[in-house]
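What follows is a short report on a single structure.
Chain naming here is simple, since letters A, B, ... match the order of the sequence lines and numbering starts at 1 in each.
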Amino acid sequence: MNRTRKLGTTIVGIVLTAIMLFPLYWMINVSLTPRDKLRADPPPIFPLHPTFDGYSQVLHQQFPYLGTSLIIGLGTVLLTLVISAPAGYALALLRPAGGSVLNFILLIAQMIPGIIMAMGFYILFNKWGALDSIPGLIVADSTLAVPFGVLIFTAFMMGVPRELVQAASIDGAGAWRTFRSIVLPMSRNSMVSVSLFTFLWSWSDFLFASTLNRGGDHQPITIGIFRYIGNNTQDWNAIMATAVVASVPAAVLLVLAQRYVAAGVTAGALKD
Amino acid sequence: MNATTARRSAAVEGPSAREEAALSASSPTRAAATRRARRRQQLTAWAFLAPIAVYLVVFYAYPLYTNLDLSFRDYTLRSFISGDAEWAGLDNYRQILADKTFVTALWNTFVFTGLSLLFQYCLGLALAVFFYRRFPLSTTLRALFLVPWLLPLLVSASTWAWMLNSESGVVNAGLTAIGLDPIYWLTSPDWSLVAVLITNIWIGIPFNLVLLYAGLQSIPTELYEASSIDGAGRWRTFWSITFPLLRPVSAITLLLGLVYTLKVFDIIWVMTRGGPGDSSTTLAIWSYRLGFGGGSPQLSPAAAVANVLILIAFAFGLLYVRAQRKALNQ
């Protein structure tokens, strides 16, 4: 390709990306539009007179929701790591009998529609008194991530050199010691990838939140936005401001993902 | 991303099976010692697997079983407190099959899933081919394309709901600007399914782009060189090299997309709640509406609908597993 053609391709690429990202631009634009201009026809294309009213409303009304989502997200990450990292280690390095059956189950588990899990959890949580509670949501949200976590850890730990593991066992290190001092530190990248995605999924969850935490005191941000839309169809700038704030973890993930997800998910994905 | 990890998990079985064979071939005098060592090793392995095993039973199998049980009972508000419900056999299934919403929801599920996949795949593939030609900024732009995929679904859905708003939406403003009539996207029964479809296609493009782009990269470049020496044009090269060689990855992308699209809930619920009427109601939406949509909760019929959905998902899930095995063996 010569230079002008390359430049042409870049321009086409920029135009395509702009079209794809237009809804995001619009979300930010609306979040900055003053209330009296929201229903203008045609709607203002650029936020020439930006207002931060929407954002100050978010800070006043949505802050507790954001805090709840943060706690649930971190709890989900912790639970997911504790369950999936040892499983990945065993599947990758300890050759358990029945390992392939377990892999198959995990694969199928990812395909269960959320509504089915939500309904089952609803009945069980009602029995256990876990409805409307943060631990309940942490457990439910973790089901979105645990199978994924095990698969990532397994794939990654397969890459740990066997000589290293064998050397450790010759030196008298048990399986637990090997796991903690060799395999786990070497899988730091996969740990970051799993944590990032788990956090994002938990943060974004609406289905579990809206079924298992319908009337609790501590509800996550997705419920906050949904309530907002329901009660308050006038202040779309505030609704969009909440949406912008709720998108922050995704933006952070994308920046970090450049480093970790590229390392964790892509490496060896199609090269086995 | 799920496809790639899934693929890797299947590859996990390769080397360990080989070593197992090597292990059992050790000399017979050491057989007893080996057996004891093996048993010890199995115990250790399963000690590490104990958390996930317990987790899968308590937080996957048990809710699934509960849901199944629920669909065969008559769970009412009273049973919500007392905890028991009368056995109803197949009554709930009979009830939902006789409901006129069933056919609509089934049809909408197929239309929604089919058209989503078709457009997501075609647009994703076109973009993957486009980005495969490296040009300045291509990596950055490709990364930006992922943003819609990472956003909370609720955020995307509410943004689109406002963009498609009949009176104040930017889409209708655009339509009027070029001389077309505004469309009642979310409030007309003829358009509500189209509106949620557009949104879902937009969300699914990045996923297709990522997987298909990875697939393109695994095609050996020598093939392209050979085809260009033979004088094949770009169009010809695409149809005789790229597309056929991409078949395994395409199959995985489409089947995974299918399983994920079947369970789409957030987008439709936020934008239309399945309405107006049943015009954008899918099985997932119907199930949620029965159980949690307000009014008196009909959890048992809701569970029955959900079980119909899971049957469909599993049928295609098994196809996916097969396609994945095939792709690995190539």
Side-chain angles (χ1 to χ4, degrees), chain A residues 6 9-10 13 17 20-21 23 26-27 30 39 42-43 83 86-87 89-91 94-97 100 103 107-109 111-117 119-121 123-124 127 139 143 150-152 154-155 158 175 204 206-207 211 222 225 229 236 239 243 246-247 250 253-254 265 269-270 272, chain B residues 1-2 4-6 8-9 11-13 16 42 44-46 48-49 51-52 55 59-60 63-64 66-67 70 83 133 135-138 141 144-145 147 150-155 158-160 162-163 168 170 173 214 218 259 263 265-266 284 287-288 291-292 302-303 306 309-310 313 317 321:
Chain A
K6 266 199 171 175
T9 317
T10 302
T17 314
M20 186 72 182
L21 297 187
W26 200 249
M27 168 173 85
V30 172
R39 299 254 171 203
I83 303 272
Y89 170 62
L91 285 173
L94 299 180
R95 295 190 297 256
S100 59
N103 264 319
L107 212 63
I108 291 291
M111 294 170 181
I112 302 169
I115 181 73
I116 291 164
M117 298 297 287
M119 211 113 53
F121 276 132
I123 303 295
L124 289 177
K127 248 190 250 171
V139 164
T143 61
V150 177
L151 296 177
I152 286 275
T154 310
M158 299 261 306
S204 312
F206 170 66
L207 180 56
T211 47
T222 44
I225 301 181
I229 302 174
W236 271 86
I239 295 172
S247 309
L253 177 84
L254 188 75
V265 182
L270 295 162
D272 305 293
Chain B
M1 164 197 55
N2 273 305
T4 52
T5 57
R8 279 198 278 178
S9 81
V12 164
E13 293 143 39
S16 58
Q42 284 302 319
T44 323
W46 277 93
F48 278 92
L49 288 177
I52 185 90
Y55 181 91
F59 297 129
Y60 267 99
L64 276 181
T66 309
N67 192 65
L70 182 63
R133 312 148 58 186
F135 51 88
L137 282 180
S138 64
L141 294 178
L144 284 173
F145 254 85
V147 177
L150 298 173
L151 287 186
L153 287 176
L154 200 83
V155 165
S158 38
T159 304
W160 276 94
W162 183 242
M163 282 173 54
S168 325
V170 64
S218 66
V259 172
K263 57 182 183 183
F265 159 77
D266 310 40
S287 172
Y288 183 89
F292 303 97
L309 184 63
I310 205 174
V321 173

Can you say whether [X] sits under 4.5 Å from chain A via the side chain, the backbone, both, or neither, judging by heavy atoms?
X	answer
Y60(B)	both
L154(B)	side chain
L141(B)	both

Under a 4.5 Å cut-off applied to non-hydrogen side-chain atoms, are [X] and [Y] in contact?
X	Y	result
Y55(B)	T143(A)	yes
P113(A)	I310(B)	yes
M27(A)	W162(B)	no

Considering only heavy atoms, which portion of F206(A) lies under 4.5 Å from any heavy atom of chain B: side chain, backbone, both, or neither? both
What verdict does the side chain to side chain contact (heavy atoms under 4.5 Å, CB included) test give for I225(A) and S158(B), after you've listed the backbone C-alpha separation in whole Å, the side-chain angles of each residue and the deciding distance to 0.1 Å? CA-CA 9 Å; I225(A) 301 181; S158(B) 38; 4.3 Å; yes
Taking every non-hydrogen pair under 4.5 Å, which of A313(B), A173(B), P136(B) racks up the most with chain A? P136(B)
From the list L207(A), V30(A), T222(A), V139(A), the residue making the most non-hydrogen contacts under 4.5 Å with chain B is L207(A)
Assign the ring pair F121(A) / F59(B) to parallel, tilted or perpendicular, where the plane angle (0 to 90°) is split at 30° and 60°. tilted
